[in-house]
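Let me begin by presenting the structure, written as structure tokens, before commenting on it.
Residue numbers begin at 1 in each chain, while the letters A, B, ... track the order of the sequences. Just so you know, these numbers come straight off a predicted model, no measurement behind them.
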Amino acid sequence: MLSKKQLRSDIEAVEIALKKRNFSFDINQLNDLENKRKKNQVETQKLQNLRNTQSKAIGKAKAAGEDIKPLLDDVADLGDKLDEAKSELQSIQVQIDDIVMAMPNIPHESVPEGNSEDDNVEVLKWGEPGQYDFEVKGHVELGESYGLDFETAAKISCARFSVMTGKIARLHRALTQFMLDQHVDNNGYTEAYVPYLVNAESLTGTGQLPKFEADLFKTHLHGEEGDAKILYLIPTGEVPITNMVRDTIVKEDDLPLKFVGHTPCFRSEAGAYGRDTRGLIRQHQFEKVELVQVAKAQDSYRLLEELTGHAESILQALELPYRKVILCAGDLGFSAAKTYDLEVWLPGQNAYREISSCSCFEDFQARRLHLRWKNPKTNKHELLHTLNGSGLAVGRTLVAVLENHQQADGSIRVPDVLHSYMGGITVIN
RNA sequence: GGAGGGAUGGCAGAGCGGCUGAAUGCACUGGUCUUGAAAACCAGCAAGGAUUAAUCUCCUUCUAGGGUUCAAAUCCCUAUCCCUCCA
């Protein structure tokens, strides 16, 4: 959420900034509401003040043994007036909140302009796409022989799910373990195990709600719609991990907080009909190792570079060629101020595909989360900055390993760093 | 499944419907003292919001949501979470 103070004092600047990401809003409408809000709020608070002072007067009169009847008559209709003023104020505030909660974050000044992923800017390329003297296969075909099975998954559930058995399942698990160990042992993250079903407050905190409910799986606990408690399947580990520190004041000595967690992710892929229908690239359920950091404002962009580097270290260890792009303003996610995408080379698709998205949210999430620290210099509570990134998406990493390390006979070379996690298996055949 | 008890500031912990935004302790900040530190003493110290150039002032908040009342941390109802006991 953007700062309401900023929206009041500098709405034109907000408009210009959000235009960069093709988001426009009705300035006049917001200003009108804001003027109404101001008038109503002042009026309401005056009435409240009147009620408070009158009530105190009654208390004193009563204690002094005076007749309070005339005083009671004075305040007879005050309650109704106050209720009316309050409800009007509330309705205005709800309208303002609805607008503000639907406004995306302001892009950082270093974010390039552009409208779509075609305008993203490559900042780094690591490794060379392999040269194969045979016809390369895609991961669906490669995986088939080793236990990757979409038909069975469709029978059990529906499209966009997968079943893995045998060596593929083991490779998938090995990747997860390897990533977790790297981040815990070498990159300084604290491992976190978290709920996979979360409440609406958590999703509001990180920005998935209220705007993107259609992307989520929704469940009803204890009863049917209406009186049931609603929980959502997490679309990313970012949600539960970041929300661990919702409504807290973090000690300065503990900053930056660094958490890594392995979670499944569930996405309805509501807007993705027909895209990536084959294979593991776009699934309703997939695994991800997620990195989350919480930091002081002055450190956040330095830490974004660091966090992205942590994700890159996994790709490098797995010998997977990739490139790093900075997302243009038009391609930025709702809550992000700046995002690097890591795109891994997929020989089967002859293309780079996203495998990690590393973002700095500045105080956009923290404002919704009430996530703060006490700055000893100002002696004030200040909003923290949040960051996160995948380190990495496990399913897509599996795809990348299969396709990049395939050999002429259809076998898969297991990267060295995974051998110990694979019980000594060096080749999948 | 049943029966109780609880939730108060950064933490611990008081709190008769009105003088309680909240005692007290700890922590923290500043000062006195000291070569310095500790101790002692003195003072300050909740958050969020509105208004304002700023100060002032005002409003809201004692888990959450309702209700009673001129007035609620305090009374009533519901929910959530925690604890104890019984099955």
Side-chain angles (χ1 to χ4, degrees), chain A residues 1-10 30-31 33-97 100-101 194-195 197-205 219-232 240 243-255 257 294 363 366-384:
Chain A
M1 187 166 61
L2 297 175
S3 149
K4 284 189 189 150
K5 279 210 174 118
Q6 187 180 12
L7 285 168
R8 277 172 209 156
S9 62
D10 207 5
L30 200 56
N31 278 338
L33 280 168
E34 176 52 27
N35 289 335
K36 271 201 226 164
R37 189 228 96 230
K38 194 163 168 175
K39 187 168 150 285
N40 273 267
Q41 187 158 356
V42 169
E43 182 59 27
T44 305
Q45 291 188 353
K46 263 189 197 158
L47 285 170
Q48 282 173 323
N49 183 17
L50 184 60
R51 185 200 56 191
N52 290 344
T53 48
Q54 296 281 66
S55 291
K56 272 184 187 153
I58 291 172
K60 272 184 191 152
K62 207 175 166 186
E66 293 166 22
D67 180 18
I68 58 168
K69 183 74 171 56
L71 287 170
L72 285 177
D73 291 343
D74 276 354
V75 295
D77 63 338
L78 191 57
D80 289 341
K81 270 197 207 160
L82 188 56
D83 283 347
E84 202 181 312
K86 265 191 198 165
S87 71
E88 197 177 334
L89 176 62
Q90 208 207 343
S91 110
I92 294 165
Q93 269 168 340
V94 165
Q95 290 176 60
I96 293 174
D97 276 350
V100 176
M101 289 292 270
V194 290
L197 287 152
V198 297
N199 54 34
E201 288 76 27
S202 294
L203 288 154
T204 307
T219 70
H220 306 274
L221 181 65
H222 298 149
E224 284 310 304
E225 206 148 358
D227 57 358
K229 177 168 187 154
I230 305 290
L231 291 174
Y232 297 85
N243 273 279
M244 289 197 297
V245 288
R246 187 175 79 212
D247 295 322
T248 61
I249 295 159
V250 183
K251 287 201 191 89
E252 186 182 15
D253 292 346
D254 294 339
L255 291 168
L257 300 175
V294 175
D363 60 13
R367 189 169 288 109
R368 295 171 171 225
L369 292 161
H370 304 124
L371 169 55
R372 297 165 297 169
W373 69 295
K374 190 158 190 171
N375 186 339
K377 279 185 193 140
T378 60
N379 208 29
K380 291 263 182 199
H381 289 171
E382 294 178 7
L383 291 171
L384 287 162

Answer yes or no: are there more than 12 heavy-atom neighbours, outside E201(A) itself, under 6.0 Å from its atom CD?
yes
Given the C1' atoms of G31(B) and C16(B), what is the spacing between them in whole Å?
39 Å
Sequence neighbours excluded, which residues qualify as salt bridge (charged side-chain N to carboxylate O under 4.0 Å, His left out) partners of R246(A)?
none
Nearest-angstrom distance from the residue atom NZ of K86(A) to C1' of G67(B)
13 Å
Name all residues meeting the salt bridge (charged side-chain N to carboxylate O under 4.0 Å, His left out) criterion together with E252(A); count only those two or more places apart in sequence or in a different chain, and write none if there are none.
K296(A)
Nearest 0.5 Å, what's the CG-CE distance between L369(A) and M1(A)?
10.0 Å
Gap between atoms CG and P, on N199(A) and A64(B) respectively (whole Å)
16 Å
Could you identify the nucleotide paired to A37(B), looking across every strand shown and requiring Watson-Crick or G-U wobble geometry with both distances under 3.5 Å?
none
Nearest-Å distance once atom P is located in both U61(B) and G9(B)
15 Å
Can you tell me how far C1' of U63(B) sits from NE2 of H370(A), to the nearest Å?
15 Å
Tell me the interatomic distance from E252(A), atom CD, to C28(B), atom C1', rounded to whole angstroms.
13 Å
U61(B) P sits how many Å from D247(A) CG, rounded?
18 Å
Looking at G18(B), does its base get a donor-acceptor pair with the side chain of K60(A) below 3.5 Å?
no
Determine the Euclidean distance between corresponding P atoms of A12(B) and A27(B); express it in Å to zero decimal places.
15 Å
With distance as the sole test, does S202(A) use its side chain to make a donor-acceptor pair with the main-chain N or O of P240(A) at under 3.5 Å?
no
Checking N1-N3 plus N6-O4 or O6-N4 for Watson-Crick, or N1-O2 and O6-N3 for wobble, each under 3.5 Å, the partner of C45(B) is none
Summarise how protein sits on nucleotides 47-60 of chain B as a single string, 5' to 3': B when a protein heavy atom is under 4.0 Å from the base, S for sugar-phosphate-only contact, - for no contact.
SSBSSS-----BSS
Using atom C1' in both nucleotides, what's the gap between U69(B) and U63(B) to the nearest angstrom?
23 Å
Span that lies between the P atom of C11(B) and that of A7(B), in whole angstrom
15 Å
Span that lies between the P atom of G25(B) and that of G13(B), in whole angstrom
16 Å
Determine which nucleotide pairs with U69(B), using a 3.5 Å limit on both distances of a Watson-Crick or G-U wobble pair.
none
What distance, rounded to whole Å, do you find between the two P atoms, one in A72(B) and one in C83(B)?
33 Å
Suppose you measure atom C1' in G66(B) against the same atom in U51(B); what distance do you get, rounded to whole Å?
31 Å
Can you check the E201(A) CD to A64(B) C1' distance for me, whole Å?
10 Å
Gap separating the NZ atom of K46(A) from the CG atom of L82(A), nearest 0.5 angstrom
14.0 Å
NZ of K56(A) versus P of G17(B): gap in Å, rounded?
19 Å
D80(A): side-chain contact (heavy atoms from CB on, under 4.5 Å) partners, not counting sequence neighbours:
none
Opposite nucleotide pairing with G25(B), Watson-Crick or G-U, both atom distances under 3.5 Å
C11(B)
For C85(B), which nucleotide in any strand shown is its Watson-Crick or wobble partner with both distances under 3.5 Å?
G2(B)
Please name the nucleotide paired to U74(B) by Watson-Crick or G-U wobble geometry with both distances under 3.5 Å, or report none.
none
Pair up each side-chain donor or acceptor in residues 53-61 of chain A with any protein partner under 3.5 Å, not counting sequence neighbours, and list the distances.
{"residue": "T53(A)", "atom": "OG1", "partner": "N49(A)", "partner atom": "O", "Å": "3.1"}
{"residue": "T53(A)", "atom": "OG1", "partner": "L50(A)", "partner atom": "O", "Å": "2.9"}
{"residue": "S55(A)", "atom": "OG", "partner": "R51(A)", "partner atom": "O", "Å": "3.0"}

Of all the heavy-atom pairs spanning L257(A) and V245(A), show the shortest one and how long it is.
CD1-CG1, 3.6 Å
Protein-nucleotides 74-76 of chain B N/O pairs under 3.5 Å:
none

Carboxylate-amine/guanidinium contact K4(A) D97(A), below 4.0 Å
yes
Between atom CD1 in I58(A) and atom C1' in C19(B), what is the gap in whole Å?
15 Å
I need the M101(A) CE to T204(A) OG1 distance, nearest 0.5 Å.
5.5 Å
